[in-house]
Trainee: 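Take this structure, written in structure tokens, and hold onto it; I'll ask about it next.
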Amino acid sequence: MAAPVIWLPGIAAGRDTLALFSQYLGMTALIGMALSQVIATRWPGVEAIFGPLDESYRLHKWLGLWALAASFLHDTIDADMRGLGRETALVDAAETAGEISLYGLLILVAITVATFIPYHLWKWTHRFIGVFFVLSAFHYLFILKPFANGDPLGLYMGGICLLGLLAYAYTSAPRSWRPSRAYRVDTLERQGEALVVNMSSEGRALRHRAGQFVFISFPEIGMSEPHPFTLSGPPREDGRLRISIAPLGDYTSLLMSRLEAGTPARVEGPFGDFAIARGPQVWVAAGIGITPFAAMAGALKPADGPVTVIHTVRDPAKAAHVAEMTDHAATLPNLDFIPWHSRAQGRIDADTIADIAGGLTGKTVLYCGPSSLRDALKKDLRKHGVSARRFRYELFEIRTGIGMNWLLARLTRQVPVRRRAPAE
């Protein structure tokens, strides 16, 4: 986004500076949309450039918000300059395309950040963001501007447009064209409220690290949309995979009812960088958040840790992988497993974690579970010497808001407003 500034000073001579700034905003909006399209492809190399996929998707959201803000400012601040040439039908069409793209982007971003809108509706509408990128690229290429498409800046922006168009074409292509691995469900096992699914490879097996996640689809049972699942089993020589599914929504509940032995699956990945840390550490799992730690425990080496695993659940009858983690703790001298039943013992907090772990000084805390508990622990663990760098977690949220749920709750009086005490 900063690169166009390299060429702008040479273009600015004798030009309207404010109009040129408006055009620069339009270019950054186009770049933001293109990079968002690239992140959505999940191409190899995306994580190397933009960070682990959970962080990349967060960047994807903020790039979209920036594209909207920059587009709005570009539309508000007059970008017209004198002496650029004569208006033609093609220029008029490009201007119209820009207007359509702006308002379309406004609607899609609003649907994205308003997470109370159903996921399936968001997913369906989100596909149109590529269409609005195409319109934005058309707008840029054919509007009147103070440089030619063949100039250095024009070639740079043309490359950005081409990259975004290739990414959009890739994400719009049939899913069978994308690289994935063929798997088949071997066994299903109920553990508490979770369904543990073991799968074997039908060809070239996927290689992964403990703690990573994959996108899986089951087209033959009508579940063709890939969804992310943490791999709950450690890497195996035979390439078999294990996931653990909890009924957290409509999709997972329906999937649990349809899956059976022999069901084919397509697996994309692996993704993520949530892994065993160095030195002494504490793993805090909430509910089905035990899944990455079940994989890590199975891959734990004698030189790792020591590790204290705290698994907090409301109802122990609904917990998964408890027996497995207990067995690991019995056989691995560097691993302790502590079940915590919040209904009987109260909600886990930073003080309790520190007491269980015998203090947290010099230890790294890994967390997997609901965001509400994560945010509370992130704040309170600092009192025990756990810095933000030593509190690790994944933002396992493909779609996140910017406070819209909180705002809606306030407007409907579902969240009490805290009043400040009068100043003394």
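These values consider heavy atoms only, across backbone and side chains, with no hydrogens, waters or symmetry-generated copies.
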Trainee: Quick check: closest heavy atoms across L73 and S22, and the distance to 0.1 Å?
Mentor: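 In this case the closest contact between L73 and S22 is O-OG, 4.4 Å.
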Trainee: Distance-only, no hydrogens or angles: does the S56 side chain make a donor-acceptor pair with backbone N or O of G51 under 3.5 Å?
Mentor: yes
Trainee: Is it the case that over 12 heavy atoms from other parts of the model lie below 6.0 angstrom from the CZ atom of R190?
Mentor: yes
Trainee: Just how far is it from atom CD1 of I31 to atom OG of S36, taken to the nearest 0.5 Å?
Mentor: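 Spacing of CD1 (I31) from OG (S36) equals 12.0 Å.
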Trainee: Counting N and O atoms only, with roles assigned by atom type, does the side chain of S232 sit under 3.5 Å from a partner on the main chain of A295, one being a donor and the other an acceptor?
Mentor: no
Trainee: Considering only NZ, NE, NH1 and NH2 on the basic side and carboxylate oxygens on the acidic side, decide whether E193 and R314 come within less than 4.0 Å.
Mentor: no
Trainee: Ignoring hydrogens and angles, tell me if any N or O in the side chain of D315 forms a donor-acceptor pair with the backbone of A317 under 3.5 Å.
Mentor: yes
Trainee: Treating T28 as the side-chain partner and M1 as the backbone partner, does any N or O pair qualify as donor plus acceptor under 3.5 Å?
Mentor: no
Trainee: Looking at Q281 and L366, what are the two nearest heavy atoms and their distance?
Mentor: OE1-CD1, 4.3 Å
Trainee: Main chain of L53, side chain of E47: is a donor-acceptor contact present, judged purely on distance under 3.5 Å?
Mentor: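 A pair under 3.5 Å: yes.
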Trainee: Determine, stepwise, if the pair H341 / V313 fulfils side chain to side chain contact (heavy atoms under 4.5 Å, CB included).
Mentor: CA-CA 5 Å; H341 304 149; V313 294; 3.8 Å; yes
Trainee: Are any of the side-chain heavy atoms of R175 and P226 separated by less than 4.5 Å?
Mentor: yes
Trainee: Please say whether the positively charged group of R258, taken as NZ for Lys or CZ for Arg, lies over the ring of F218, i.e. under 6.0 angstrom from the six-membered ring centre and within 45 degrees of the axis.
Mentor: no
Trainee: Under 4.5 Å between any side-chain heavy atoms of E55 and D273, yes or no?
Mentor: no
Trainee: State, yes or no, whether a side-chain contact exists between P316 and V322 at a heavy-atom distance under 4.5 Å.
Mentor: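 Answer no - side chains too far apart.
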Trainee: Can you confirm whether or not the ring centre of F142 sits under 6.0 Å from the ring centre of F138?
Mentor: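 Yes.
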Trainee: Hey, what do you get for CG (L377) to NE2 (H384), rounding to the nearest 0.5 Å?
Mentor: 10.0 Å
Trainee: Just do the side chain to side chain contact (heavy atoms under 4.5 Å, CB included) check on R240 and D186 with the steps written out, would you?
Mentor: CA-CA 9 Å; R240 295 185 70 199; D186 283 337; 3.3 Å; yes
Trainee: Distance-only criterion, 3.5 Å: show the donor-acceptor pairs between side-chain atoms of residues 329-336 and protein atoms not counting sequence neighbours.
Mentor:
| from | atom 1 | to | atom 2 | distance (Å) |
| --- | --- | --- | --- | --- |
| T331 | OG1 | D327 | O | 3.0 |
| T331 | OG1 | H328 | O | 3.3 |
| N334 | ND2 | K301 | O | 2.9 |
| N334 | ND2 | D304 | O | 2.9 |

Trainee: State the CD-CZ distance between Q212 and F271, to the nearest 0.5 angstrom.
Mentor: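 Taking CD in Q212 and CZ in F271, the distance rounds to 9.5 Å.
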Trainee: Can you tell me how far apart CZ (F293) and OH (Y367) are? Round to the nearest 0.5 Å.
Mentor: 9.0 Å
Trainee: Show your working on side chain to side chain contact (heavy atoms under 4.5 Å, CB included) between L105 and M33 and close with a plain yes or no.
Mentor: CA-CA 10 Å; L105 187 62; M33 293 178 71; 4.3 Å; yes
Trainee: Which heavy atom of Y24 sits nearest to which heavy atom of L8, and what is that distance?
Mentor: CD1-CD1, 3.7 Å
Trainee: Is a side-chain N or O of H311 found less than 3.5 angstrom from the main chain of G287, in a donor-acceptor match?
Mentor: yes
Trainee: Within the supplied structure, the quantity of interest is the number of heavy atoms (other residues, nucleotides, ligands) at a distance under 6.0 Å from F72 CZ; does it exceed 12?
Mentor: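 Atom CZ in F72 is not crowded, with 12 or fewer foreign heavy atoms closer than 6.0 Å.
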Trainee: Test your reading of the model: is there a side-chain donor-acceptor pair from T171 to the backbone of Y168, 3.5 Å cut-off?
Mentor: yes
Trainee: When rounded to the nearest 0.5 angstrom, what distance separates OG1 in T308 from CH2 in W283?
Mentor: 10.0 Å
Trainee: Would you give the length of the straight line joining atom CH2 of W7 to atom CZ of F147, rounded to the nearest 0.5 angstrom?
Mentor: 10.0 Å
Trainee: Would you say I276 and V307 make side-chain contact, with heavy atoms under 4.5 Å?
Mentor: no
Trainee: Quick one: does any side-chain atom of N149 pair with a main-chain N or O of G158 as donor and acceptor, under 3.5 Å?
Mentor: no
Trainee: Between T263 (side chain) and L259 (backbone), is there a donor-acceptor pair under 3.5 Å?
Mentor: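 Flag not set: sc T263 to bb L259 has no pair under 3.5 Å.
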Trainee: Taking C-beta and beyond as the side chain, do S201 and R181 meet within less than 4.5 Å on heavy atoms?
Mentor: no
Trainee: Side-chain contact test, heavy atoms from C-beta onward, threshold under 4.5 Å: evaluate it for D75 versus E99 and give yes or no.
Mentor: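 A side-chain contact exists here, since the closest heavy-atom pair is under 4.5 Å.
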Trainee: Does CZ in R278 sit with more than 12 non-hydrogen atoms of other residues, nucleotides or ligands closer than 6.0 Å?
Mentor: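 Open: at most 12 neighbouring heavy atoms sit under 6.0 Å from CZ of R278.
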Trainee: Starting from the C-alpha separation in whole Å, work towards a yes-or-no answer on side chain to side chain contact (heavy atoms under 4.5 Å, CB included) for C161 and L30.
Mentor: CA-CA 8 Å; C161 291; L30 190 62; 3.5 Å; yes
Trainee: Surrounding CG of D351 (heavy atoms of other residues, nucleotides or ligands, distance under 6.0 Å), is the total greater than 12?
Mentor: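 Yes - once you tally the heavy atoms of other residues, nucleotides and ligands closer than 6.0 Å, there are more than 12.
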Trainee: Tell me, please, whether F274 has R392 positioned over its six-membered ring: NZ or CZ under 6.0 Å from the ring centre and within 45 degrees of its axis?
Mentor: no
Trainee: Do other residues, nucleotides or ligands put more than 12 heavy atoms under 6.0 Å from the CZ atom of R389?
Mentor: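 For R389, atom CZ is not crowded (no more than 12 foreign heavy atoms under 6.0 Å).
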Trainee: Strictly distance-based, threshold 3.5 Å: is any side-chain N or O of Y183 a donor or acceptor partner for the main-chain N or O of L206?
Mentor: yes
Trainee: How close do A294 and M325 get, counting heavy atoms only, and between which atoms?
Mentor: CA-SD, 3.8 Å
Trainee: Contact between L153 and M157 at the side-chain level, heavy atoms closer than 4.5 Å - yes or no?
Mentor: yes
Trainee: We want to know whether Y170 and R42 form a side-chain donor-acceptor pair, criterion being a heavy-atom distance below 3.5 angstrom.
Mentor: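 Not at all, the side chains of Y170 and R42 share no donor-acceptor pair under 3.5 Å.
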Trainee: Step by step, would you call D349 with T352 a side-chain hydrogen bond (donor to acceptor under 3.5 Å, both in side chains)?
Mentor: CA-CA 5 Å; D349 56 24; T352 304; 2.7 Å; yes
Trainee: Report yes if the side chains of M199 and I216 come closer than 4.5 Å at any heavy-atom pair, otherwise no.
Mentor: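 In contact.
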Trainee: I need the minimum non-hydrogen distance between F229 and T252, along with the two atoms involved.
Mentor: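 Between these two residues, the closest heavy atoms are CE2-CG2, 4.5 Å.
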Trainee: Does atom CD of E220 have more than 12 heavy-atom neighbours from other groups under 6.0 Å away?
Mentor: no
Trainee: If every non-hydrogen atom of L108 is compared with every non-hydrogen atom of T125, which pair is closest and at what distance?
Mentor: CD2-O, 3.2 Å
Trainee: What do the steps show when you test H139 against S101 for side-chain hydrogen bond (donor to acceptor under 3.5 Å, both in side chains), and what is the final call?
Mentor: CA-CA 9 Å; H139 168 76; S101 177; over 6 Å; no
